[in-house]
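All values derive from a computational prediction rather than experimental measurement.
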Amino acid sequence: MEDEIIGIVPNMKKSKMLGLSYDSFTLVATPDTTIFAKITSDMLKQVVKESRDQAKAEGKGFFGQWGAQIKGSARYAERYARMSAQAALAESPANFAIPNSSISSIKVKKKSSSDDDQIQITWQVTIQHNSGKLNLKTDFDPKGHLQAIYGSRVK
């Protein structure tokens, strides 16, 4: 596996039991492989703690520490830019990889639903590969990020 990370797409959700719950992953792409790195609550707690501790060390008060925590959890996926692909894959037994050569197409579809006068927009991402289909959801439009990584395979 070539180790250079060429793209990161945060907060991709993979459905678990009957679509009632999800596992969250960060997509970490190299020229040869796409890694799905599972985000656990313990990992997020650690990032929040580190962000709060750093803000505290910088002399920031309660609101400064609180803001640092929010920014830290929002930027969680950035940590993969400083890791090797091998380290990202080995980080958790729940992480997995797909060879990029096995990906035939990636479809991105906008979905909207409403309840109580609020419109919820999500994006459905379907990755078709040699071993089947991988269906993911995200709260932001990932098409530009995915096209930068996979080019014309993204529809």
Over 12 foreign heavy atoms within 6.0 Å of CD, Gln118
no

Any idea which heavy atoms bring Thr26 and Ala77 closest together, and the distance?
CG2-CB, 3.7 Å

Quick check for you: to the nearest 0.5 Å, what is the distance between Phe36 atom CZ and Leu27 atom CG?
4.5 Å

Please find the pair of heavy atoms, one from Ala85 and one from Ile35, that lie closest to each other, and give the distance.
O-CD1, 3.3 Å

Can a donor-acceptor pair be found between the side chains of Lys14 and Tyr22 at a distance below 3.5 Å?
no

Taking Asp32 for its side chain and Asn100 for its backbone only, find out whether a donor-acceptor pair lies under 3.5 Å.
no

Gap between atom CD of Gln124 and atom NZ of Lys109 - 0.5 Å precision
8.5 Å

Would you check if Gln120 and Thr122 make a side-chain contact, meaning some heavy-atom pair closer than 4.5 Å?
yes

May I ask you to test the Val125-Lys107 pair for a side-chain heavy-atom distance under 4.5 Å?
no

Please check if the side chain of Lys60 supplies one atom and the backbone of Ala57 the other of a donor-acceptor pair under 3.5 Å.
no

If you take all heavy atoms of Trp123 and Asp139, which pair is closest and at what distance?
CZ3-O, 3.5 Å

Determine the minimum heavy-atom distance between Val9 and Pro142, stating which atoms define it.
CG1-CB, 4.2 Å

Side-chain touch Glu4/Pro31, heavy atoms, less than 4.5 angstrom:
yes

Donor-acceptor contact below 3.5 Å, side chain Asn95 vs main chain Lys38:
yes

May I ask you to decide if the ring planes of His145 and Phe140 are parallel, tilted or perpendicular, using 30° and 60° as cut-offs?
perpendicular

Does Ser102 reach the main-chain N or O of Pro99 with its side chain, forming a donor-acceptor pair under 3.5 Å?
yes

Just verifying a value: how many Å separate Thr33 OG1 and Gln86 CD, rounded to the nearest 0.5 Å?
8.5 Å

For Gln128, is there any backbone N or O sitting under 3.5 Å from a side-chain donor or acceptor partner on Ser105?
no

Would you check, one step at a time, whether the test side-chain contact (heavy atoms from CB on, under 4.5 Å) holds for Val154 with Lys143?
CA-CA 7 Å; Val154 179; Lys143 195 169 188 175; 4.0 Å; yes

With side chains defined as the heavy atoms from C-beta onward, is the minimum distance between Ile127 and Leu136 less than 4.5 Å?
yes

If you define the side chain from C-beta out and look only at heavy atoms, does anything of Phe25 sit under 4.5 Å from Asn11?
no

Please test Asp23 against Lys16 for salt bridge (Lys or Arg N to Asp or Glu O under 4.0 Å), starting from the C-alpha separation and ending with a verdict.
CA-CA 7 Å; Asp23 282 332; Lys16 288 183 2 178; 3.6 Å; yes

If you round to the nearest 0.5 Å, how far is CD of Gln147 from NZ of Lys155?
9.5 Å

Rounded distance (nearest 0.5 Å) linking atom CG of Asn130 with atom OG of Ser104:
7.0 Å

Nearest non-hydrogen partners of Met83 and Ile5, listed with the distance
O-CD1, 3.2 Å

To check you understand the geometry: which heavy-atom pair defines the closest contact between Ile149 and Ala29, and what is its length?
CG2-CB, 3.5 Å

CD1 of Ile106 to OG of Ser152, rounded to nearest 0.5 Å, is 10.5 Å

Transitive ILVMFWY side-chain link Leu134 to Leu146, under 4.5 Å:
yes

Check whether Ile6 and Tyr150 end up in the same hydrophobic cluster, where Ile, Leu, Val, Met, Phe, Trp and Tyr are linked by side-chain heavy atoms less than 4.5 Å apart.
yes

Going by heavy atoms in the side chains, are Lys111 and Ile121 under 4.5 Å from each other?
no

